[in-house]
Amino acid sequence: MVKIPSTSFEQVDPESTLQLILKSAVQALGGISGVVAVWSEEDRCFVTGASYGLPESGLERLKPLLKEAAPGLAGGQEGYDLVSELLPDQELPATFSGTRLDPVIALPLKIMEKTIGLIFVLRPVAAGTFSGMDRPVLAAFAEQAAIALQNARLAALLAEEKLRVESVLEHSAEGIMSIDSSCRILGFNTAMEKLTGYSREEVMGLKCSTLFCLSDPDRKNLCMVQCPMGSGSGEKARSFQQTGTIRTRENRLVEVAFTYSIVHSPEGRPVNAVVNVRDISKIKEMENFRDIILSMLGHELQTPLAIIQGYTDTLSRPDAQWDPATIQQGLQVIGEEGHRLSQVMNKLLLASRLSGGAVKLEKEPVYLSSLAGKVVRRLSTVASIHQFVLEFPEEFPFVSVEPNLMEQVLTNLIENAVKYSPRGGKISISGVIVSGKVKVTVADEGVGISLGDRDHLFERFYRGEKAQSKFQGTGLGLFICKAIVEAHGGIMEASSQPARGSQFSFTLPAGE
Ligand code: ADP
């Protein structure tokens, strides 16, 4: 639960304060008992707020008196009022000892001209009636009682509001914690528990700066340098925001935005703050994605488009006469670049289909050796410096797959093998049976994969360091391969010896 930092209103005990004032009033006026009646908005009448010297039964009998006498008393502006005079027929309550009480002096408790209660002091009949001299004495107590009552009401309102706010914060979908001026955690909501992996009990009283180590991309602890509570930067600001990375209980890094709403002391020092913690990793991921897609589209689409545009403009110039060979060559380039464009678009569409999990497989028995042969025949026409070798055992089992998608996997892997072996060399496509499963490996003798790239190869839009600077691509080929293989219940793997080539394998259940 997020606790709103306490204020002094919690220390107000309205009943005992009223009780004390009433007792003092009764004693000062030589009374024997007294009652403070409080106006109830809900019941639209006065109800007993505190009583002194009256038994339960006396209070019961006072209730109708309060109901009826109240409007007259509350309206009484001048002097003091005697209940027995206002309501001559009313039977008045008795004290513990059974003494009949009359006369009664009563005054309204007023706050800004509004009657919020009444104070009654009662004397035994034998003690004589009250006089005008008694009024200022009771008025002083009435004033104190009115203030006490008003404070109690405000306190109740604040407590109610506090509970309401605490409940809103508790059930907020965003992480919220409250901290004191030393950044010690005072409150921690459920969303915060989910986000950080820490339970409320674990973190209470700990310093959020050391617990979460909010850091920037250079691993600098931002809490140490610009926390609005510690560094003094919060002295003027009422709210403050910083973004960075926090470490969860499971040692996971999460990108977050901390928004501090700071409460200041009258001297302007930050005393505590409610910190709203928002997980922005998804937003950051989307931003990264957007940048990657834009730069990829910029490169992969703009280049062929510019070439197509250039050739089209040139060939269609009305002032030029082109010989048939030049026209033929221009049309061929336009065709090739158009093909390249459509390949990029197909990859994008397929990747988005696969990411959404919206692929419905239409499986049929496929012999991967034949499919690999088909892909090699097609690609060998454009890869003259490579030697393709197909190595499949004769009795290689078929697999139950969607042929078009599996052809896409083999095409992506073999095209990569060609692309990342710019000096040529052998490209082998081999099949083996491992533990009753079919394993196909595409191996090349190209540039290999650096250690830093290995863990990310199959991520969407990931492009290796060398690839980015030297080779064209979308970073979607391997992502697509993995998604297709996994959709068929298989696994995808990569291995490499730097500068000596790479191997990409996929394993699929053998068809029955
Ligand atoms: P790209 O369009 O960049 O080729 P892929 O998803 O097909 O995208 O491959 C992702 C990255 O994996 C490439 O950028 C490259 O760094 C690396 N890679 C893929 N195949 C090979 C290979 N045969 N040899 C070396 N690196 C490869």
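Only this structure's heavy atoms are used, side chains among them; waters, hydrogens and symmetry mates stay out. Numbering of ligands and ligand atoms starts at 1, following listing order.
The structure places OG1 of T441 at 10.0 Å from CD of E391, a figure rounded to the nearest 0.5 Å. Taken from CD in E337 to CD1 in I307, the straight-line distance is 3.5 Å, to the nearest 0.5 Å. Rounding to the nearest 0.5 Å gives a distance of 12.5 Å between CE of M192 and OG of S199.
At least one N or O atom of T474 sits closer than 3.5 Å to an N or O atom of ligand 1. Polar contact check, G477 against ligand 1: a nitrogen or oxygen pair lies under 3.5 Å apart. Taking any N or O of L478, backbone or side chain, at least one lies under 3.5 Å from an N or O belonging to ligand 1. For ligand 1, none of its N or O atoms has an N or O atom of L457 under 3.5 Å away. Close N/O approach between E465 and ligand 1 is not found [any backbone or side-chain N/O within under 3.5 Å]. Every N/O-N/O distance between V447 and ligand 1 stays at or above 3.5 Å.
In this structure, Q497 and Q503 have side chains that are in contact, with non-hydrogen atoms separated by less than 4.5 Å.
Residue contacts with ligand 1: L476 is included, with a non-hydrogen atom under 4.0 Å away. Contact annotation: K419 has at least one heavy atom less than 4.0 Å from an atom of ligand 1.
Remark: the N404 side chain and the Q408 side chain contain no N/O donor-acceptor pair separated by less than 3.5 Å.
In this structure, atom 26 (N) of ligand 1 lies nearest to the protein heavy atom I449 CG1, 3.7 Å. Of the protein's non-hydrogen atoms, the one nearest atom 23 (N) of ligand 1 is D444 OD2, 2.9 Å. Protein heavy atom at the shortest distance from atom 14 (O) of ligand 1 is G464 N, 2.9 Å. Protein heavy atom closest to atom 24 (N) of ligand 1, with residue, atom name and distance, is S502 OG, 3.1 Å.
With a 4.0 Å cut-off on non-hydrogen atoms, K466 does not touch ligand 1 at all. Of all the heavy atoms of N416, the ones lying under 4.0 Å from any atom of ligand 1 are found in both the backbone and the side chain. For F471, no heavy-atom contact with ligand 1 is shorter than 4.0 Å.
Looking at R454, its side chain does come within 3.5 Å of a backbone N or O of I449 through a donor-acceptor pair. The backbone N or O of L476 lies less than 3.5 Å from a partner atom in the side chain of T474, making a donor-acceptor pair. A donor-acceptor contact shorter than 3.5 Å links the side chain of K419 to the backbone of Q472.
Here is the list of ligand 1 atoms found below 4.0 Å of a heavy atom in G473: 2 (O). Numbered from 1 in the order shown, with element, the atoms of ligand 1 that lie under 4.0 Å from a heavy atom of G448 read 25 (C), 26 (N). Ligand 1 places these atoms under 4.0 Å from at least one heavy atom of G475: 1 (P), 2 (O), 3 (O), 6 (O), 8 (O). Near R463, with a cut-off below 4.0 Å to any heavy atom, the atoms of ligand 1 are 1 (P), 2 (O), 3 (O), 14 (O).
Taking the six-membered ring for Trp and thresholds of 30 and 60 degrees, Y198 and F212 have ring planes more than 60 degrees apart, a perpendicular arrangement. Ring-plane geometry between H386 and F388 is classed as tilted, the angle between the planes lying from 30 to 60 degrees on a 0 to 90 degree scale.
The existence of a salt bridge linking R164 and E160 is excluded, since no basic side-chain nitrogen approaches an acidic carboxylate oxygen closer than 4.0 Å.
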